[in-house]
Structure formats: C-alpha cells, structure tokens
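Just below is one structure, and these are the notes that go with it.
We count residues from 1, following the sequence as given. In listed order, ligands and their atoms are each counted from 1.
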Amino acid sequence: MKMKMAITGKGGVGKTTLAAVMSRIYASEGYKVLAVDADPDPNLALALGFPPEITEKIVPISEMKKLVAERTKSTPGAFGKMFKINPKVDDIPERYCREYNGVRLLTMGTVDTGGTGCFCPENVLLKKLTSHLLLQNKDIVIMDMEAGIEHLGRGTAQGVDVFIVVVEPGIRSIQTFKHVKKLAMDIGIEKIFVVANKIKNKEDENFVLKNIDEKECLGFMHYSGAVGSSDRVNKSPYDSDKETVEEVKKIKQKLEMGV
Ligand SMILES: Nc1ncnc2c1ncn2[C@@H]1O[C@H](COP(=O)(O)OP(=O)(O)OP(=O)(O)O)[C@@H](O)[C@H]1O
Ligand SMILES: [Mg+2]
C-alpha cells in the first residue's frame, strides 16, 4: 500500500497527537512507517513514546552541519558561495532516522521547501529530502507539519496522497482549514480532508459539520483526559487511551477508502 499523508492545521489543535497515533497504528499492523517531524519546533518523538535517552540526542537534519556541507559541497558559515543544488539524499532516511516501537522517525528541523525562503544549503537539502520521501520512498510516510502548506513546493505537494487538516470545534481552526484548502486547490490538489479533534459533545460535532462539508470530514476524535495528561507525563497518546486509538483507526479506514 502506498500512503503519504501530511498533517497540518492551526497551532495546538492536535496535529502531533494524530500523527503519532496514526504512525503507531500502521506500525502495529506491520507496515514500515516513516514518521516525519517537519515542524520547526519538533516534538513528535515524545508523542510517539520515544524514551528521553533517544529524544535528547535527536539533531534535526537541518542542523547537521557536517551532513549539509558534505552533501551540498558547501562550506559551513560561508555566505554566497557556490554549492551543489542536487545533493544525494536517498540514503538519509535510513541512516539518520531513529526507530522505536516499530516507527522510524526523521526530524527535519526548519523546513522551507517552497523556494520562497532563503536559497541556502540547508533548504536545498531539506527540499530534496522532502521530495524524495514523498515521491520515491516506498514506506508509509506520515508528516507532522506546521500550519499551512506554503512551505511545500507544488511538485512535492503533488506527491502527498492526502492532506489532513486537524480542526477543533471553533471558527479559528476551521478558518485555517479553509485557507489551506484554497492554497491546495490553487495548485490543483483536491485530496484534502478534516479530522475534528477535542470534541466534547454532539453540539461540537454539529458545529463542525455546520462549517465544513460532511464529505470532507474523516471523523472525530473526542476530548480525552488521558490524552491530555499523557502530554504532562510524557507518554504516547497511543499508549494512553484505547478509545482515541479506536477513533483514529476508523479515521484511517475512511482515509484508505477515500484515497
Ligand atoms: N483529543 C484530545 N483530548 C485531550 N487533549 C488533547 C487531544 N488532542 C490533543 N490534546 C492535547 O492538546 C495539546 C496540543 O496537542 P498537539 O501537540 O498534538 O497539537 P499540535 O497541533 O501538534 O500543536 P503544535 O501546533 O504546537 O505543534 C497537547 O497537550 C495534547 O495532549
Ligand atoms: Mg505539533
């Protein structure tokens, strides 16, 4: 099965929680899963349940100065010098990922792959690596992103099988969904869905369905005290609440039917 999913949405809605639970579910089914932390403020390792000995040692790819220099043939710290714009990346996922609980994790660091930001060796390497993951890598790829899809270039975004925008029952995060949807449609992408998180009651569900098309909604994740406190005690939400895991399994099923 081919599945490349990118999870986005407003700050704090539950992107990392969903990415972590989804990754753990695929891993539990025996799939090769590559979870990609593409948030400049990375914390997917913790949500996946990686132990502190591993998380403390994770260096994001964009901060691996020697790797960046070696692959782009650039001089660290030198500005305006020539460098290679087509660096070798295909061995990076295997060599630099960390694995735990059957999930392999790659922490990208600050990603600006849209080409609008600085044209520097770090960005060139991350851009090439992101396209490689989405267009060539054979694993299930689950990408935890910051809000928006601007930082993905058009070609790279086309490699995503499904964009999931996480919303909460509130206008602000739904506004973010509408913004992302417009951006996606502008570059010809239609596979964009919503997961509504932190649902407390029927009223919340109705609120979401009043504001987005039911066909666009993959499902609901209810507010869970256990998931909320898992963050406080540094446990994976996957290991904290069976009901949340069941809800995400249903979302996954719907996703696989719709893609
Ligand atoms: N269903 C839920 N029930 C209770 N708490 C939740 C739920 N989903 C997420 N949370 C809590 O909300 C907080 C934010 O969740 P999370 O880190 O997954 O969001 P995010 O969208 O990745 O945030 P950021 O934008 O900072 O990356 C965390 O403390 C998390 O435990
Ligand atoms: Mg997050």
Side-chain angles (χ1 to χ4, degrees), residues 5-25 34-50 55 58 60-62 98 101 103 105-112 130 141-152 162-181 192-205 207-208 217-252 254:
M5 81 178 74
I7 301 179
T8 181
K10 196 181 153 308
V13 289
K15 302 177 287 293
T16 301
T17 301
L18 177 62
V21 175
M22 194 68 94
S23 301
R24 293 284 303 272
I25 292 173
L34 186 65
V36 179
D37 197 339
D39 191 322
D41 181 14
N43 51 26
L44 183 56
L46 296 174
L48 283 166
F50 277 53
T55 50
I58 291 178
I61 300 292
S62 68
R98 303 288 183 133
N101 283 325
V103 177
L105 169 71
L106 202 56
T107 305
M108 304 291 262
T110 303
V111 192
D112 181 3
T130 307
V141 174
I142 298 177
M143 227 169 144
D144 178 13
M145 308 205 300
E146 57 187 315
I149 57 167
E150 298 91 324
H151 40 282
L152 288 179
V162 56
F163 282 98
I164 297 181
V165 185
V166 181
V167 304
E168 303 170 327
I171 287 294
R172 289 193 280 265
S173 64
I174 289 175
Q175 201 54 46
T176 302
F177 162 64
K178 292 194 170 153
H179 175 67
V180 171
K181 186 175 159 187
I192 172 154
F193 296 98
V194 166
V195 164
N197 187 23
K198 304 192 191 179
I199 298 291
K200 287 200 163 124
N201 47 41
K202 201 74 198 161
E203 209 179 311
D204 284 347
E205 284 184 24
F207 179 84
V208 171
C217 185
L218 289 171
F220 297 106
M221 289 164 73
H222 282 83
Y223 182 87
S224 149
V227 167
S229 58
S230 70
D231 188 8
R232 268 168 268 149
V233 298
N234 215 350
K235 212 171 135 188
S236 171
Y238 179 86
D239 299 313
S240 306
D241 191 334
K242 283 205 171 64
E243 273 174 48
T244 302
V245 174
E246 286 311 309
E247 286 176 334
V248 177
K249 279 186 182 164
K250 283 205 192 104
I251 288 165
K252 172 176 165 290
K254 211 159 162 199

(request) Please state which part of Asn43 comes within less than 4.0 Å of ligand 1, counting heavy atoms only: side chain, backbone, both or neither. (result) neither
(request) Flag the pair Leu44 / Phe50 as yes when at least one side-chain heavy-atom distance between them is below 4.5 Å, and no otherwise. (result) no
(request) Using heavy-atom distances, let me know which of Pro42, Gly12, Gly9 sits nearest atom 14 (C) of ligand 1. (result) Gly12
(request) With heavy atoms only and a cut-off of under 4.0 Å, state how Asp231 meets ligand 1: side chain, backbone, both or neither. (result) side chain
(message) A side-chain contact here means heavy atoms from C-beta on lying under 4.5 Å apart; do Glu247 and Val21 qualify?
(response) no
(request) Among all protein heavy atoms, pick out the one at the shortest distance from atom 17 (O) of ligand 1; state its residue, atom name and that distance to 0.1 Å. (result) Thr16 CB, 4.0 Å
(message) So for His222, does at least one of its heavy atoms come nearer than 4.0 angstrom to any atom of ligand 1?
(response) yes
(message) Polar contacts were defined as any N/O atom of the residue lying under 3.5 Å from an N/O atom of the ligand; does this apply to Asn197 and ligand 1?
(response) yes
(request) Pull up every protein N/O/S atom sitting under 2.8 Å from the Mg ion (ligand 2), skipping waters. (result) Thr16 OG1
(request) Kindly write out the residues that satisfy salt bridge (charged side-chain N to carboxylate O under 4.0 Å, His left out) with Glu168, not counting sequence neighbours, or none if the list is empty. (result) Lys198
(message) Quick check: Ser224 and ligand 1, any N/O pair under 3.5 Å apart?
(response) yes
(request) Check whether any side-chain heavy atom of Ile199 sits under 4.5 Å from a side-chain heavy atom of Pro169, and report yes or no. (result) yes
(request) Could you check if a side-chain atom of Ile174 sits within less than 4.5 angstrom of a side-chain atom of Phe207, using non-hydrogen atoms only? (result) yes
(message) Does any part of the side chain of Val13, heavy atoms only, come nearer than 4.5 Å to the side chain of Asn197, both counted from C-beta?
(response) no
(message) For Glu146, which part has a heavy atom under 4.0 Å from ligand 1: side chain, backbone, both, or neither?
(response) neither
(message) What I want to know is whether Asp144 and ligand 1 share at least one N or O pair that is separated by under 3.5 angstrom.
(response) no
(request) For residues Asp204 and Tyr223, determine if any side-chain heavy atom of one lies less than 4.5 Å from a side-chain heavy atom of the other. (result) no
(request) From atom 6 (C) of ligand 1, work out which of Val227, Asp37, Val21, Val248 has a heavy atom at the shortest distance. (result) Val227
(message) List the residues meeting side-chain hydrogen bond (donor to acceptor under 3.5 Å, both in side chains) with Lys181, not counting sequence neighbours, and say none if there are none.
(response) Glu216
(request) Identify the protein heavy atom lying closest to atom 27 (O) of ligand 1, giving its residue, its atom name and the separation to 0.1 Å. (result) Asp39 OD2, 3.4 Å
(message) Checking a contact table here: which protein heavy atom is nearest atom 12 (O) of ligand 1, and how many Å away?
(response) Lys198 NZ, 3.1 Å
(message) Could you check whether Asp144 and Thr16, counting side-chain N and O atoms only, form a donor-acceptor pair closer than 3.5 Å?
(response) yes
(message) Tell me the closest heavy-atom pair linking Leu48 and Ser23, and the distance in Å.
(response) CD2-CB, 3.8 Å
(message) I want to know if ligand 1 touches Gly14 in the polar sense, i.e. an N/O pair below 3.5 angstrom.
(response) yes
(message) Taking salt bridge (charged side-chain N to carboxylate O under 4.0 Å, His left out) as the definition, give me every residue that meets it alongside Glu243, ordered by chain and number, with sequence neighbours left out.
(response) none
(request) Over all heavy atoms of both residues, which pair between Thr8 and Glu146 is shortest? Give the atoms and the distance, please. (result) OG1-O, 3.0 Å
(message) Restricting to non-hydrogen atoms, name the atom on Tyr238 and the atom on Val245 that form the minimum distance, rounded to 0.1 Å.
(response) O-CG2, 3.5 Å
(request) Would you mind running through ligand 1 and noting each atom that sits below 4.0 Å from a heavy atom of Gly11? (result) 25 (O)
(request) Looking only at protein heavy atoms, identify the closest one to atom 18 (O) of ligand 1 and say how far it is in Å. (result) Thr17 OG1, 2.5 Å
(request) Consider every N or O of Val13 and every N or O of ligand 1, then say whether any pair is closer than 3.5 Å. (result) yes
(request) Pick one of side chain, backbone, both or neither for how Lys15 approaches ligand 1, counting any non-hydrogen atom pair under 4.0 Å. (result) both
(message) Please report the interatomic distance CD1(Ile7) to NZ(Lys15), rounded to the nearest 0.5 Å.
(response) 10.0 Å
